[in-house]
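Below: one structure, written as structure tokens.
Note that ligands are numbered from 1 as they come in the structure, with each ligand's atoms numbered from 1 the same way.
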Amino acid sequence: MIQDALFGEPKISIQTEGIKYAGSKLKLLPDILGIINSLSAKTVWDPFSGTTRVSQALSKSGYEVISSDRAEWSKVFATCYLMNENEPGYYQELIDHLNSMPPISGWFTENYGSDKPFSECGIKRPWQSKNTRKLDAIREEIDRLELSEIDKSVALTSLILALDKVDSTLGHFASYLKDWSPRSYNDLFLTVPQIWPNSASRNRVLCGDVFDLTKYVTADVAYLDPPYGSNNEKMPPSRVRYASYYHIWTTICLNDKPDLFGKANRRKDTSDTVAGSVFEEFRKDSEGNFIAVKAIERLIEEVNSRWVVLSYSSGGRATAQELVKALSDNGDIKLVKEIDYKKNVMAEMKWTNEWLSKIEEPHKEFLFLLDKG
Ligand SMILES: C[S@@+](CC[C@H](N)C(=O)[O-])C[C@H]1O[C@@H](n2cnc3c(N)ncnc32)[C@H](O)[C@@H]1O
């Protein structure tokens with residue numbers, strides 16, 4: 001059965017929606033679904049949901065999905081896509097109303113907007129102020145309307161998707177471009193997210209650190225897509241620090257006008273000392289083991305699922321040997337799938353020694369299937 005998932009055609013294609021996000025598994029969706037579809041599973045936990053693209057694809061494929069992440073904005077996306085029971089048209093009036101708000105200059109414009117490019121004012125900002133003025137007006141209106149949690153999540157998701165289309169960044173908010181990006185000249189315009197009516201209480205949406213949730217969540221499959229850390233000794237905490245890269249989406253969801261710091265005006269509570277994830281840690285513990293690798297080991301052990309599908313990227317903190325140990329200490333490795341984006345090649349390997357050397361090569365993504373029995 002697992003062999004069918006390996007070599008079976010045609011590829012599954014499912015429409016999902018999301019923002020630009022480091023480590024988004026958009027391109028891997030057919031492979032992830034192919035593996036999970038071979039398992040006769042009913043429930044899947046996606047505890048590093050990020051953009052929620054994997055959760056969306058799983059829910060659309062008929063699975064009962066538990067979606068979670070430590071990022072507040074990911075919970076908002078998951079609530080929008082997985083908990084909504086209405087047809088998209090139900091939200092058109094709300095979205096039209098938000099688009100009709102007269103722009104105002106408020107907190108977001110002050111901190112994230114500018115009328116001029118860096119060359120003229122010496123300040124880099126992620127949006128042109130014509131768009132942050134719309135953001136200020138729309139965000140205030142969303143609170144004023146006192147919407148239900150699901151309706152509010154649909155409105156906020158629509159706002160974030162629209163802002164993502166007119167930003168002037170390289171795809172994250174840790175630093176901004178010197179010159180306005182071509183897309184930043186476009187006008188912010190909200191559309192109804194590509195939602196579909198879910199059956200009542202089919203899915204669950206949670207928010208929090210994965211280790212706080214393992215005690216409460218049981219599912220047939222856990223799809224684990226943690227941050228990869230970095231194997232670059234010189235690089236501080238990680239290659240991607242999610243809380244600090246995407247702070248602005250959290251602020252838009254909370255609308256809490258937090259204290260800010262640094263040139264990128266990040267939330268103070270996303271500084272590396274406060275918000276680093278254990279999976280992003282580059283240091284060793286007192287016993288000389290990499291903290292990030294230990295965290296992956298602990299997670300594989302603690303998840304209450306027979307099947308674990310683990311995403312991993314070469315260049316991450318764990319070495320091939322360490323991953324083999326973490327996986328094989330907890331069950332049988334049934335499959336290792338290698339995806340080389342640069343060469344656009346995919347390979348499936350049945351035997352550990354086939355991929356042990358490859359995992360150290362750059363630009364590779366791996367999917368492991370573990371049977372915990
Ligand atoms: C590689 S990304 C996941 C991408 C996601 N699968 C997608 O397709 O968009 C890793 C995610 O882990 C989350 N994260 C980091 N540390 C976490 C932790 N300790 N508990 C829960 N989530 C965490 C980050 O917020 C980030 O969204």
Closest protein heavy atom to atom 8 (O) of ligand 1, given as residue, atom name and distance to 0.1 Å: Lys25 N, 2.9 Å
Does Phe290 have Lys284 sitting over its ring (NZ/CZ under 6.0 Å from centre, angle to axis within 45°)? yes
Is Ser311 near ligand 1, meaning one of its heavy atoms is under 4.0 Å from it? no
Can you pull out every side chain to side chain donor-acceptor pair (under 3.5 Å) where at least one residue sits in residues 206-218? Sequence neighbours excluded, please. Thr214-Glu302
Show me which atoms of ligand 1 lie under 4.0 Å from any heavy atom of Ser49. 5 (C), 7 (C), 9 (O)
Can you say whether the rings of Tyr112 and His247 are parallel (under 30°), tilted (30 to 60°) or perpendicular (over 60°)? tilted
Main-chain N/O of Gln15 paired to Lys60 side chain as donor or acceptor, under 3.5 Å: yes
All heavy atoms of Phe77 vs all of Gly18, minimum pair found to be CE2-CA, 4.5 Å
Do Arg266 and Phe261 form a cation-pi contact, if we require the NZ or CZ to be under 6.0 Å from the six-membered ring centre and within 45 degrees of the ring's axis? no
Suppose we measure from atom 26 (C) of ligand 1 to each protein heavy atom; which comes out shortest, and what is that distance? Tyr21 OH, 3.3 Å
Under 4.0 Å from a heavy atom of Gly23: give me the atoms of ligand 1 that qualify, with their elements. 1 (C), 4 (C)
Taking both backbone and side-chain atoms of Asp225, is any N or O found less than 3.5 Å from an N or O belonging to ligand 1? yes
Please could you name the atoms of ligand 1 that Phe279 approaches to less than 4.0 Å, counting only its heavy atoms? 19 (N)
Cluster overlap Leu254 with Tyr246, hydrophobic side-chain contacts below 4.5 Å: no
Nearest protein heavy atom with distance in Å, relative to atom 22 (N) of ligand 1: Arg70 N, 3.3 Å
Could you list the atoms of ligand 1 found under 4.0 angstrom from a heavy atom of Ser277? 15 (C), 16 (N), 17 (C), 19 (N)
Numbered atoms and elements of ligand 1 in range of Asp69, under 4.0 angstrom, heavy atoms: 11 (C), 12 (O), 13 (C), 24 (C), 25 (O), 26 (C), 27 (O)
Starting from atom 19 (N) of ligand 1, what is the nearest protein heavy atom, named by residue and atom, and what distance separates them? Asp209 OD2, 3.1 Å
Relative to ligand 1, is Tyr242 under 4.0 angstrom through side chain, backbone, both or neither, heavy atoms considered? side chain
May I ask you to identify the nearest protein heavy atom to atom 12 (O) of ligand 1, giving residue, atom name and distance to one decimal place in Å? Phe48 CD2, 3.3 Å
Would you kindly check if the NZ (Lys) or CZ (Arg) of Lys372 is within the cone defined by 45 degrees around the ring axis of Trp307 and under 6.0 Å from the six-membered ring centre? no
So the atoms of ligand 1 within less than 4.0 Å of a heavy atom of Ser24 turn out to be 7 (C), 8 (O), 9 (O)
Between Trp127 and Phe173, is a ring pair (Phe, Tyr, Trp, His ring centres under 6.0 Å) present by the stated rule, with each step listed? CA-CA 11 Å; Trp127 286 287; Phe173 295 84; 5.5 Å; yes
How far is atom 9 (O) of ligand 1 from the closest protein heavy atom, and which atom is that? Thr51 OG1, 2.6 Å
Would you say Val210 and ligand 1 have an N/O pair spaced under 3.5 Å apart? yes
Taking the six-membered ring for Trp, are Tyr81 and Trp196 parallel (under 30°), tilted (30 to 60°) or perpendicular (over 60°)? parallel
